[in-house]
2 protein chains.
Amino acid sequence: MARATSRPESTRRRQRWPDGYDPENTRNSLITSALGLIEQRGFDRTSVQEIADQAQLTKGAFYHHFASKDDLLRHIQEEYLEAQLAALQKIEADSDDPAVRVRELIRFSLTSVAEYRAHVTIFYQERRYLTGDLFAEVTRKRGLVEAAFAGMIADGVTRGVFRPDVDPRIATFGLVGMCAWAYQWLNVGGPLSVDEVARQFSAMVLEGLSA
Amino acid sequence: MARATSRPESTRRRQRWPDGYDPENTRNSLITSALGLIEQRGFDRTSVQEIADQAQLTKGAFYHHFASKDDLLRHIQEEYLEAQLAALQKIEADSDDPAVRVRELIRFSLTSVAEYRAHVTIFYQERRYLTGDLFAEVTRKRGLVEAAFAGMIADGVTRGVFRPDVDPRIATFGLVGMCAWAYQWLNVGGPLSVDEVARQFSAMVLEGLSA
DNA sequence: ATAATGCTACCGTCCGGTCGGAAGGAACCG
DNA sequence: CGGTTCCTTCCGACCGGACGGTAGCATTAT
């Protein structure tokens, strides 16, 4: 069954390997390999064999570190979501002004896309392949991020900073969509810098296109 | 090889079947079956056998009507894109005012999502599974839709209807994302009507959130 | 001795696609 | 009208390959 997901690292006897070799590296290189391949070809079209090959390992090694192929997918999804939720709390703590918060949230979302590109792509494309409970759990956490958007907008409406005829639910879906969609086109090395895009998006949403 | 894609319908001897039976129905029921299954489980996780089963047919029938499983995917994608492009031209012909055009384009995009739900889902989720030339072709046509958005916005900027500091490329990506993302949450029978969502999106983009 | 790590070989299953043929209307011939 | 041939439509059995996962073993550090 391998240690796979639950690993009592503290109580486990830790082995020491020569010349800086660390089995945790093996695990990471498998994940890195998987990230690249799955982002490119999709989960179902990436075989465990290919993941192992690119990491210069074998299937045996893979199944020593992961309980199953799905377990790997789960790991990637959780890794991404945890980073998201952590950054989210920081934003909520940093400012109280709805407009500033929305601005920051947009910038943060786009930065995530640029930074965790493979994670994001995999998250949106392969989310539905998670089984039962896991899907529910991931969807719940994802809901938290969207709830943050919605809360900020609703807050802005009640405090009179935003127009009174705005429906926070709909505005949230629009905002989330704008930012999430960026994984389809935003390139880190491309002509559009993340900051510039964030500024344009913020301006469009807050002040509108009209002159 | 079956007739598959190119079918000289006019010159072909047309068989007439009893009591209104039409082999074209078989083809359509296969497509309908496929739309439902692929939307739900994804292309790779839907077997040809399952598609045939749900249409109360066999794999043999499937492979009589389609050259391959990919051929079916191609058909679905093209069906959707053709409808998109046709509606697009109508919008461009109907009005000249950039604001009106953007409004109409938003409404149109959302209506498409509601109407062609399965098509849209499959289009975005399984686009990358198209092979070589086909992918290029589909991406090209998709680019036409986005170019329409971009053109309208750029036009609005040069004519002074939109703010001069708007980058048409970025604004387009935002708009497209807002609308495309709707396939993830917009339900025809749900609490949010398409018209209402379209109105809110338009207001947000054109006038902005700020009071 | 024990536990962790990784490798090789292997298994069972599922799935896309093929092939030969059956059923039956359409067309031509007489 | 009867008989024959052709074509379309669909069936059902089958094949080859790929893939997820398993089992047993070798190596190395504690």
Side-chain angles (χ1 to χ4, degrees), chain A residues 1-4 6-30 33-34 37-38 41-74 126 129 131, chain B residues 1-4 6-30 33-34 37-38 41-74 126 129 131:
Chain A
M1 169 52 187
R3 51 189 172 132
S6 66
R7 299 178 304 138
E9 195 80 19
S10 52
T11 66
R12 193 164 61 89
R13 220 172 49 193
R14 195 79 168 83
Q15 215 169 22
R16 192 156 311 278
W17 299 84
D19 66 22
Y21 176 83
D22 182 357
E24 198 71 13
N25 260 340
T26 315
R27 188 181 163 90
N28 284 334
S29 68
L30 281 169
S33 166
L37 286 171
I38 298 178
R41 313 188 200 177
F43 185 71
D44 279 341
R45 306 215 169 176
T46 304
S47 71
V48 173
Q49 184 68 59
E50 286 172 320
I51 294 173
D53 281 353
Q54 182 167 295
Q56 286 175 309
L57 290 164
T58 60
K59 268 204 319 187
F62 179 94
Y63 279 99
H64 175 70
H65 287 280
F66 298 96
S68 67
K69 198 185 172 191
D70 284 333
D71 185 38
L72 166 71
L73 181 58
R74 186 183 76 112
E126 329 285 354
Y129 292 157
T131 42
Chain B
M1 168 52 187
R3 49 187 175 136
S6 67
R7 299 178 303 138
E9 195 81 21
S10 53
T11 66
R12 192 166 62 90
R13 221 174 46 195
R14 194 78 167 84
Q15 216 171 24
R16 192 153 308 279
W17 299 86
D19 65 21
Y21 176 83
D22 182 359
E24 199 69 14
N25 262 339
T26 313
R27 191 181 161 90
N28 284 334
S29 68
L30 281 169
S33 167
L37 286 170
I38 298 177
R41 312 188 200 177
F43 185 70
D44 280 341
R45 305 213 169 179
T46 303
S47 70
V48 173
Q49 185 66 61
E50 288 171 320
I51 294 172
D53 281 352
Q54 182 168 295
Q56 285 175 309
L57 290 163
T58 61
K59 268 207 313 191
F62 179 93
Y63 278 98
H64 175 69
H65 287 280
F66 298 96
S68 66
K69 198 186 171 188
D70 283 332
D71 185 38
L72 167 70
L73 182 58
R74 187 183 73 112
E126 329 286 353
Y129 292 157
T131 41

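Per chain, numbering begins at 1; letters A, B, ... match sequence-line order.
A search for side chain to side chain donor-acceptor pair (under 3.5 Å) contacts involving A/Q49 returns A/D53, not counting sequence neighbours. A/D44 meets the side chain to side chain contact (heavy atoms under 4.5 Å, CB included) test with A/Y129, B/D44, B/R45; sequence neighbours excluded.
Distance from the side chain of B/H64 is smallest to D/dT9 among D/dT9, C/dG6, D/dG12.
For the pair B/L72 CG and C/dG17 P, the computed distance is 11 Å after rounding to whole Å. Put simply, CG on B/L73 is 15 Å from C1' on C/dG16, counting in whole angstrom units. If you measure from atom CG of B/N28 to atom P of D/dC10, you get 12 Å, rounded to the nearest angstrom. Rounded to an integer number of Å, the gap from B/N25 CG to D/dT8 P is 19 Å.
For C/dT5, neither phosphate oxygen OP1 nor OP2 lies less than 4.0 angstrom from any side-chain nitrogen or oxygen of A/T26. Side-chain N/O atoms of B/H65 include one lying less than 4.0 angstrom from OP1 or OP2 on D/dC10.
B/R27 contributes a side-chain N or O that, together with a main-chain N or O of B/H65, makes up a donor-acceptor pair within less than 3.5 Å.
Side-chain contact between B/I51 and B/L72 is present, with heavy atoms from C-beta onward closer than 4.5 Å. The closest side-chain heavy-atom distance from B/F43 to B/D70 is below 4.5 Å.
Between B/E126 atom CD and B/I38 atom CD1 the span is 7.0 Å, to the nearest 0.5 Å.
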Sugar-phosphate or base contact per nucleotide [nucleotides 17-25 of chain D; S, B, -; heavy atom under 4.0 Å]: --SBBB---
